[in-house]
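Reviewing the structure listed below.
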Amino acid sequence: MGIAVVTGASRGIGAAVARKLAEQGHDVVLNCASRIEKAEEVAAQCREYGVKAVAMAWDVSDHAACDQALKEIKASLGVPTILVNNAGITKDGLIMRMGEAQFDDVIRINLKGTFNMTSLCGAMMMRAKAGAIINMASVVGITGNAGQANYAASKAGVIGLTKSAAKELGARGVRVNAIAPGLVESDMTDVLPEDVKNAMLSQITLKRAGKPEDIANAVGFLASDAAAYITGQVLVVDGGMGV
Ligand code: NAP
């Protein structure tokens with residue numbers, strides 16, 4: 001099978017994605033920002049599927065660090081066949097009270113980080129004439145959300161980047177898609193006040209929050225040959241929010 005790079009794989013959705021791709025038989029590189037011991041734990045879980053799995057910490061918003069990491073991955077494992085741009089942060093607040101750094105940090109990690117990895121890894125994949133890139137967007141990148149202008153803008157940007165990259169890379173055998181999760185149980189959503197979570201839950205047709213594995217299953221599909229004729233799409237995985 002192939003070689004998958006999953007950013008933000010130390011916990012939450014990224015950890016579940018890494019395990020799913022390992023289950024499918026891919027070697028996995030698990031990126032994180034700083035919690036390398038957590039990423040090592042998830043890598044050990046991946047190795048139980050009989051694949052190679054390595055944890056590596058680097059900041060996806062740092063172009064030079066992404067370049068260095070991908071060169072190391074290519075030298076040790078080979079050219080990645082799957083890239084999952086999952087690393088992301090929130091720094092919520094109303095626009096009128098949002099500081100410049102609060103806006104910039106979220107755009108830098110969520111959007112520029114996705115650009116850095118797509119551009120550098122996409123170039124390797126284009127030369128190999130094969131690859132699947134899956135970007136983690138969000139339903140709020142489609143709908144907007146009060147208190148999340150920075151985050152929603154970053155995720156709307158990820159959707160535009162996904163569609164543009166799909167058009168640029170498609171002729172060279174590289175597919176690029178996005179997933180737009182709704183409310184998913186993770187550290188990111190644990191911090192939300194109960195009343196906010198309950199208000200969101202009341203909008204969900206399936207009457208439950210998503211689990212990281214619900215998103216990982218969608219990634220597993222988009223990364224597989226079952227999705228060989230799918231590119232430039234945004235797959236909404238939100239339990240029917242607002243349907
Ligand atoms: P999470 O539990 O907060 O985990 C975030 C992951 O991103 C961690 O592995 C973290 O590494 C990594 N990370 C953060 N900044 C990074 C950086 N600069 N460079 C490299 N890695 C970095 O988040 P999650 O809920 O699983 O969300 C994963 C993705 O899904 C994000 O893009 C998020 O926006 C998106 N999403 C989530 C939800 C949801 O409801 N949870 C909904 C829609 C979309 P460390 O552990 O080292 O800090």
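Every number for a ligand or one of its atoms is a count from 1 in the order of the listing.
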When you measure from atom 47 (O) of ligand 1 to each heavy atom in Pro212, Ala16, Ser34, which option holds the nearest one? Ser34

Salt-bridge present (Lys112, Asp62; N to O < 4.0 Å): no

Closest by any non-hydrogen atom to atom 4 (O) of ligand 1: pick that one out of Glu185, Lys38, Arg11. Arg11

Below 3.5 angstrom, do we get any N/O pair linking Gly8 and ligand 1? yes

So, Glu48 and Arg19, do they make that salt bridge, N to O below 4.0 Å? no

For the residue pair Asn110 and Ser154, confirm or rule out a side-chain donor-acceptor distance under 3.5 Å. yes

Does any N or O atom in Val184 lie less than 3.5 angstrom from one in ligand 1, N or O only? yes

Should one rank Ser10, Ala55, Ala9, Ala137 by closest heavy-atom distance to atom 8 (C) of ligand 1, which comes out on top? Ser10

Going by distance alone, is a donor N or O of one side chain under 3.5 Å from an acceptor N or O of the other, for Gln233 and Asn177? no

Answer side chain, backbone, both or neither: which part of Val140 comes under 4.0 Å from ligand 1, heavy atoms only. neither

Judged by non-hydrogen atoms, does Lys155 sit under 4.0 Å from ligand 1? yes

Between Ser138, Gly182, Ala57, Ser186, which one has a non-hydrogen atom sitting closest to atom 38 (C) of ligand 1? Gly182

Tell me if the NZ atom of Lys197 is crowded by more than 12 foreign heavy atoms within 6.0 Å. yes

Touching ligand 1 at all, Thr189? Heavy atoms, strictly under 4.0 Å? yes

Just distances here: any N/O of Leu183 and N/O of ligand 1 closer than 3.5 Å? no

Decide whether an N or O pair under 3.5 Å exists between Ile13 and ligand 1. yes

Considering distance alone, does some N or O of Met136 sit under 3.5 Å from an N or O of ligand 1? no

Regarding Ser61 and Arg108, is there a side-chain donor-to-acceptor distance under 3.5 Å anywhere? yes

